[in-house]
Peer 1: 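The structure is given below, and queries will be raised subsequently.
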Amino acid sequence: MQNFNETNKAAAQPCRRRKAAGWRAFPNTKSVLSGFEGFVTKKNIAMKRNIFIICAATIALASCTKNFEEMNKDPFSPPETTIEALFNGVVGSLQQSMNEQFYLQNEIWYPETELGALTSESWGNSQIGTSELWSNYYLMLSNIRELERRFDVYCEEQADDAVCDKARAQLDVMKAYQTFKLTDVFGDMPYTQAGRIWENASSQATMKPEWDTQESIYKSLLEELVWSRDLLHADSATTAYGNEYYRLPYDVLLNNDYTLWAEFANSLILRHGLRMYEKDPDYATPLLVDAYNFIYSKMSASGGVATGGAICLWPSVLGTSWDINWSFREHKHLRMGETIWSCLSSTDDMDGSGIFDYRAYLFFDTSHKNDSFPDGAWRPYPQIRTLETPTEGGSPYAQSRDGNYTFKGPSCIFSPFNYYLTRDEKYMPQILVTYADVLFMKAEIEVRNIGGITPPLNADESIRSGVYQSFLFWTHIPQQTSRWTFFYPQYTNYIGNLDIWSYCNNMAANVMNYAVWMNPEYDGSQEFYLKMIYQQRWLNLFRQPWEAWALARRTMATPTTTDHAKLTSFRMEYPQKEIEYNYENYTKELARMSHGDTRQTRVWWNE
């Protein structure tokens with residue numbers, strides 16, 4: 001019987017007094033730094049987190065000496081954290097934090113990508129968001145390092161270096177996902193030596209790790225993903241020595257479905273291989289060719305309810321809630337902007353008669369009702385305000401709408417985001433990657449002829465397939481939550497007489513008619529088709545604004561009505577606490593930055 005809990009005791013660690021739940025490793029800060037690990041609390045809401053996330057931090061609670069440990073054992077609460085609890089704690093740490101959503105997504109990434117528009121720039125303290133993103137990552141990374149250590153010990157005991165490889169591959173996929181996310185926000189960052197303080201607490205290298213270049217991080221992660229994908233996709237259940245691969249008792253992300261894990265890994269290779277392609281096409285091309293030819297069998301299954309044609313975090317499964325309503329309710333200022341409206345409607349008619357892309361009914365709401373528009377108006381907010389822009393207010397994200405959906409407050413005169421997308425904190429998924437995104441990335445590879453790849457039929461069909469899959473995914477979203485009870489009549493009247501596949505096929509054809517075939521700019525050129533791919537991929541990334549931000553920075557060809565005047569951030573500044581603590585290594589990094597530690601310095605793949 002495989003038992004990590006008895007055979008893998010944590011090594012004695014420097015003394016840190018354990019307090020009641022909610023202790024901080026750093027009493028005077030709210031940050032975890034790159035060299036440290038610890039359980040950082042965020043208000044009382046953190047006390048409600050699932051046991052997996054709590055357990056994910058308990059590796060830092062090992063007592064100072066064996067005698068002290070023996071004296072303080074609680075027979076009803078074992079001090080060791082199980083391997084599955086640590087693993088699923090890492091899954092839980094992929095969630096978007098409340099301050100990331102509030103200060104980064106809502107305040108910066110939505111308006112800069114033009115997926116949304118801000119009625120007021122009132123929350124400029126981005127350091128609150130970046131510090132939380134940074135802290136949560138290094139907490140997760142320290143737990144990953146502990147899992148890697150336990151895998152190594154178990155393999156040694158079994159005299160088989162490969163016995164934990166499949167579990168290790170699953171872990172590598174999550175590590176890659178979150179590390180890519182962080183480096184795409186900041187650029188170079190501590191990585192190789194980070195999260196290892198308990199391996200050698202007296203080592204300056206692990207206490208204050210050096211910054212790795214983004215190029216080295218990217219290439220290391222991509223190589224690990226190739227290994228993970230190929231191993232997880234293989235049919236073998238045993239190692240070369242005939243031992244069964246260690247299998248996690250439970251996996252709250254993909255239920256130990258190795259095929260889905262392999263598809264997740266391959267999707268990340270496509271995403272980040274394309275992102276770095278311009279910087280090193282010789283390195284990226286063979287990776288992209290292999291990833292393009294990889295066969296999907298689970299994510300592609302008609303957008304089924306199990307995955308919705310995507311890999312997502314489901315708070316109901318994790319036993320958490322994800323603070324989305326707080327981030328919208330307290331922020332208040334996000335509205336549908338002119339840019340996205342121009343991609344969803346063929347006219348500016350506020351009665352919605354020009355809407356040809358029915359994702360509009362899922363992404364946004366009408367304004368508050370008035371005499372001219374008894375059901376509210378589809379009215380976009382200007383991407384750039386002028387002195388003539390009317391004052392916007394109301395309470396479109398207030399929970400009082402649970403009992404009176406159409407009431408948004410009389411001063412809400414522009415279209416807000418759909419209330420249901422911002423309200424349900426249990427059954428509204430956090431998207432990691434959709435199959436539609438995979439198809440749009442493959443379409444880009446085809447149109448750009450990367451590695452000699454061309455569309456199997458034509459570029460139109462490749463784009464249409466992605467749009468179809470996007471509709472399958474988004475049309476499934478309301479089915480996941482009992483809260484979603486109001487639908488706009490135009491939407492229900494059309495979809496009511498069709499099965500979901502017919503509806504999505506019709507919608508995909510409709511979008512292609514307006515976006516491509518009836519588009520006066522259509523000329524059949526590579527530039528035109530890439531523009532359409534980026535438009536539809538950008539729309540599908542509606543609830544992944546950090547990914548839309550990366551797409552906009554990389555291509556400068558996503559939809560815009562401002563000539564990308566709103567896109568002013570090409571990275572985010574390092575958190576102040578990391579600068580203060582790890583100053584010597586920070587100054588070395590600072591010397592390599594073209595415009596210093598500012599948003600004008602571009603990350604490696606965007607230079």
Side-chain angles (χ1 to χ4, degrees), residues 31 33-35 100 103-105 107-114 121 124-135 137-138 176 178-194 208-222 271-284 534 545-558 560 562-607:
S31 298
L33 309 178
S34 59
E100 175 194 340
Y103 291 98
L104 300 181
Q105 296 183 21
E107 187 71 12
I108 298 173
W109 298 336
Y110 267 116
E112 292 208 8
T113 60
E114 300 182 45
E121 287 88 0
N125 195 349
S126 61
Q127 279 279 320
I128 296 175
T130 54
S131 293
E132 191 165 81
L133 185 64
W134 187 273
S135 297
Y137 170 77
Y138 285 106
Q178 201 71 344
T179 305
F180 276 133
K181 182 177 180 180
L182 201 76
T183 188
D184 287 343
V185 171
F186 295 104
D188 298 352
M189 55 181 261
Y191 175 64
T192 305
Q193 297 173 332
K208 298 183 177 182
E210 295 181 354
W211 264 248
D212 294 69
T213 66
Q214 186 179 65
E215 179 180 7
S216 67
I217 293 170
Y218 250 66
K219 291 180 178 179
S220 171
L221 293 175
L222 284 167
R271 175 185 287 173
H272 296 282
L274 269 175
R275 200 161 289 171
M276 65 156 289
Y277 176 77
E278 275 76 16
K279 290 298 293 184
D280 194 343
D282 291 339
Y283 180 88
Y534 299 146
W546 63 96
E547 283 300 320
W549 181 49
L551 182 65
R553 287 181 288 162
R554 174 172 72 88
T555 67
M556 294 299 290
T558 51
T560 178
T562 70
D563 196 24
H564 292 293
K566 296 294 293 183
L567 182 55
T568 59
S569 301
F570 294 92
R571 61 175 292 278
M572 300 303 297
E573 302 92 337
Y574 293 115
Q576 188 61 34
K577 289 296 181 182
E578 181 71 22
I579 295 171
E580 294 172 1
Y581 175 77
N582 199 1
Y583 185 72
E584 182 177 347
N585 287 317
Y586 168 74
T587 56
K588 293 178 183 177
E589 175 61 26
L590 193 62
R592 295 191 288 265
M593 304 177 81
S594 62
H595 292 78
D597 187 9
T598 69
R599 299 185 195 180
Q600 283 66 55
T601 293
R602 295 178 181 243
V603 299
W604 165 73
W605 52 257
N606 195 216
E607 290 173 340

Peer 1: Return yes if a side-chain donor-acceptor contact under 3.5 Å exists between Asn582 and Trp211, otherwise no.
Peer 2: no

Peer 1: Can you name the side-chain contact (heavy atoms from CB on, under 4.5 Å) partners of Ala552, sequence neighbours left out?
Peer 2: Thr558, Leu567

Peer 1: Determine, step by step, whether Tyr137 and Val185 satisfy the side chain to side chain contact (heavy atoms under 4.5 Å, CB included) criterion, reporting the C-alpha distance in whole Å, the side-chain angles of both residues, the deciding distance to 0.1 Å, and the verdict.
Peer 2: CA-CA 12 Å; Tyr137 170 77; Val185 171; over 6 Å; no

Peer 1: Can you name the side chain to side chain donor-acceptor pair (under 3.5 Å) partners of Trp109, sequence neighbours left out?
Peer 2: none

Peer 1: What's the spacing between Leu274 CG and Thr555 OG1 if we round to 0.5 Å?
Peer 2: 11.0 Å

Peer 1: To the nearest 0.5 Å, tell me how far Trp549 CH2 sits from Arg571 CZ.
Peer 2: 8.5 Å

Peer 1: Which heavy atom of Lys208 sits nearest a heavy atom of Asn585, and at what distance?
Peer 2: O-ND2, 2.7 Å

Peer 1: CE/Met189 to CH2/Trp134 distance, rounded to the nearest 0.5 angstrom?
Peer 2: 6.0 Å

Peer 1: Return the set of residues passing side-chain contact (heavy atoms from CB on, under 4.5 Å) with Thr213 (not counting sequence neighbours), or none when no residue passes.
Peer 2: Asp188, Glu215, Ser216

Peer 1: Considering residues at least two apart in sequence or located in another chain, which fulfil the ring pair (Phe, Tyr, Trp, His ring centres under 6.0 Å) criterion with Phe180?
Peer 2: Tyr218, His272

Peer 1: Salt bridge (Lys or Arg N to Asp or Glu O under 4.0 Å) with Glu210: which residues, sequence neighbours excluded?
Peer 2: none

Peer 1: Compare every heavy atom of Ile108 with every heavy atom of Ser126, then report the nearest pair and how far apart it is.
Peer 2: CB-CD1, 3.8 Å

Peer 1: Test of understanding: with salt bridge (Lys or Arg N to Asp or Glu O under 4.0 Å), list the residues that count as partners of Glu547, not counting sequence neighbours.
Peer 2: Arg271, Arg275

Peer 1: Quiz question: by atom type and distance under 3.5 Å, do the side chains of Tyr574 and Thr130 form a donor-acceptor pair?
Peer 2: no

Peer 1: What distance separates Asp597 CG from Met572 CE, expressed to the nearest 0.5 Å?
Peer 2: 10.0 Å

Peer 1: If you take all heavy atoms of Phe186 and Val603, which pair is closest and at what distance?
Peer 2: C-CG1, 4.2 Å

Peer 1: How far apart are the C-alpha atoms of Trp605 and Asp184, what are their side-chain angles, what is the distance that settles it, and do they pass the side chain to side chain donor-acceptor pair (under 3.5 Å) test?
Peer 2: CA-CA 9 Å; Trp605 52 257; Asp184 287 343; 2.8 Å; yes

Peer 1: Run the side-chain contact (heavy atoms from CB on, under 4.5 Å) test against Glu121 and tell me which residues pass, sequence neighbours left out.
Peer 2: Glu107, Leu118, Arg385, Lys566

Peer 1: Side chains of Thr568 and Glu112: do they bring a donor and an acceptor to under 3.5 Å?
Peer 2: yes

Peer 1: What are the two closest heavy atoms between Pro575 and Gln127, and how far apart are they?
Peer 2: CA-OE1, 3.3 Å

Peer 1: What residues form a side chain to side chain donor-acceptor pair (under 3.5 Å) with Tyr277, not counting sequence neighbours?
Peer 2: none

Peer 1: I'd like to know if the side chain of Thr113 reaches the main chain of Tyr110, judged simply by a donor and an acceptor atom lying under 3.5 Å from each other, with no hydrogens or angles considered.
Peer 2: yes

Peer 1: Tell me every residue that passes salt bridge (Lys or Arg N to Asp or Glu O under 4.0 Å) with Arg602, counting only those two or more places apart in sequence or in another chain.
Peer 2: none

Peer 1: How far apart are the closest heavy atoms of Pro190 and Pro209, and which atoms are they?
Peer 2: CB-CG, 3.9 Å

Peer 1: Checking the side chain of Ser220 only, and the main-chain atoms of Ile217 only, is there a donor and an acceptor separated by less than 3.5 Å?
Peer 2: no

Peer 1: Applying side chain to side chain donor-acceptor pair (under 3.5 Å), name anything that partners Thr601, two or more places apart in sequence or on another chain.
Peer 2: none

Peer 1: Residues in side-chain contact (heavy atoms from CB on, under 4.5 Å) with Tyr283, at least two apart?
Peer 2: Lys219, Leu222, Glu223, Met276, Asp280, Leu287

Peer 1: Nearest 0.5 Å, what's the NZ-OG distance between Lys577 and Ser131?
Peer 2: 9.0 Å

Peer 1: List in chain and number order the residues that pass side chain to side chain donor-acceptor pair (under 3.5 Å) with Gln214, two or more places apart in sequence or in another chain; answer none if no residue qualifies.
Peer 2: Thr183

Peer 1: Atom OH of Tyr103 and atom CD1 of Ile128: how far apart are they, to the nearest 0.5 Å?
Peer 2: 3.5 Å

